[in-house]
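Structure first, then comments.
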Amino acid sequence: MWSLVYAIISLFGCTTVSLAPQQAVLVFVGDAMQHQAQLDKAHEIGRDKYDYSECFTLIAPAISEADYAVCNLEVPLGGPPNYSGYPCFSAPDSFAEALKDAGFDMMLTANNHCLDRRDKAARRTLEALDSLKVDHIGTFHNIEERDSLVPFIKDINGFKIAFLNYTYGTNGIEPNDGIEVALIDKEKIGQEIAKARNQGAELIVVAMHWGIEYVLIENNVQRNLADFLIDSGADLIIGGHPHVVQPMKVVHNEKEDKDVLVVYSLGNFISNMKTADTRGGAMVWTTIERDENGKAKFKNAEYELIFAAKPEGKRNFRVIPAWEEDSIPSTQQHHWDIFKRGAVKILDKYNVEVPRSNKYRPTNL
């Protein structure tokens, strides 16, 4: 379509017409978790219900501004009354509802905790997300549903974008009632990427649950998988699971002459983890556009840090972006400073063409 528009303009000599490239902005964040302290505080604030309405108010404007926003839902929605934190998570539906209200359009469900409450809760999670009218990928009621729903292709600002999601495992818990979890399997991934292309996807986003927890640099397994995904045709590779921020790189695919974004880990979006490097994460904005020939391509990416502030007094857990750092309680400012310093040190050293954003933050941050 866009190549035709440019051709018409050229044919009729409409040199005074200014036609901005067609663009879309996708935003990604890391692991949305629910530890016991988070459940307890939401229950206390909600007075026997689970109230998460305050958790995302400071980050919601940036999330909602994107054309499409994705987070990793690292908890099953197991249903009342037995909610629980680590090691076997189960969260109330109101948690996912609060994420949706914050502006998230898609929730990833293929992760190592998706079977914490076995097949029944995994199925219920899919039903709850469907009732919220939230897009989701990664787990399915059965293999037949996976075959029919994968690839998930979304029209975003006129771009046909496929989303795929895979996990390294499920903490040793095996499905026992036919639930289908998209595990990392090169042959299957290659087939589903090819299927996405055959079904008209212009760009392919692959979300990977991989790596080693708490390690700040990606390992060889991640690098090799990223190379495989790039060679297979992926355009954006977004990682999670380590609970810490790992490097982000723009890699050129020589075979297809295109740039590919690789984000090894976005860290935690919200959690009650306590060690310095787990107290927050990153959000990544990615811009896609059409070139002068009408071809869709990844253009660029930038990131900003976020902090998961713990509750004080009547306040709930809150996700606080760097540009709102004045909202971090004074008693937690030291934790933010340590987290920020460590994350920026890693990203400044190892990032390739993914700068820290100045979209929102004042120049003094």
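- Remark: the backbone N or O of Y86 is not paired with any side-chain donor or acceptor of Q36 at under 3.5 angstrom.
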Sequence neighbours left out, cut at 3.5 Å: what donor-acceptor pairs do the side chains of residues 235-247 make with other protein atoms?
unit_1	atom_1	unit_2	atom_2	d
D235	OD1	K258	NZ	2.9
D235	OD2	R197	NH2	2.9
D235	OD2	I204	N	2.9
H241	ND1	N112	OD1	3.4
H241	ND1	H209	NE2	3.3
H243	ND1	D31	OD2	3.2
H243	ND1	N268	OD1	2.8
H243	NE2	E213	OE2	3.4
H243	NE2	H241	O	3.4
Q246	OE1	Q222	NE2	3.0
Q246	NE2	V215	O	2.6

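- Side chains of S327 and L58 form a contact here, defined as non-hydrogen atoms less than 4.5 Å apart.
- A donor and an acceptor atom, one from each side chain of N316 and D51, are nowhere located under 3.5 Å apart.
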I'd like a table of donor-acceptor pairs (distance under 3.5 Å, sequence neighbours excluded) in which one partner is a side-chain atom from residues 179-189, with atom names and distances.
unit_1	atom_1	unit_2	atom_2	d
E180	OE2	R146	NH1	2.7
D185	OD1	E187	N	3.0
D185	OD1	K188	N	2.9

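- Taking every heavy atom of both residues into account, N272 and A37 meet most closely at ND2-CB, 3.4 Å.
- A salt bridge between E289 and K299 is present, with a side-chain N of the basic residue lying under 4.0 Å from a carboxylate O of the acidic one.
- Remark: D177 does not engage K120 in a salt bridge, criterion side-chain N to carboxylate O under 4.0 Å.
- Applying the ring-ring contact (aromatic ring centres under 6.0 Å, His included) rule to pairs touching residues 333-353 yields F307-W336, sequence neighbours excluded.
- Side-chain atoms of Q22 come within 3.5 Å of backbone N or O of N157 as a donor-acceptor pair.
- With sequence neighbours left out, the ring pair (Phe, Tyr, Trp, His ring centres under 6.0 Å) criterion links H141 to no other residue.
- Counted by atom type alone, Q23 and R290 present zero donor-acceptor pairs between their side chains at under 3.5 Å.
- Between Y68 and F163, the ring planes lie tilted relative to each other; the angle falls in the 30° to 60° range.
- Between the side chains of R117 and T125, no donor-acceptor pair is found at a separation under 3.5 Å.
- Minimum interatomic distance between A62 and W323 (heavy atoms only, all atoms of both residues): CB-CZ2, 3.7 Å.
- F95 meets the ring pair (Phe, Tyr, Trp, His ring centres under 6.0 Å) test with Y52; sequence neighbours excluded.
- A ring-ring contact (aromatic ring centres under 6.0 Å, His included) check over residues 246-267, counting only residues at least two apart or in different chains, returns the pairs W210-Y264.
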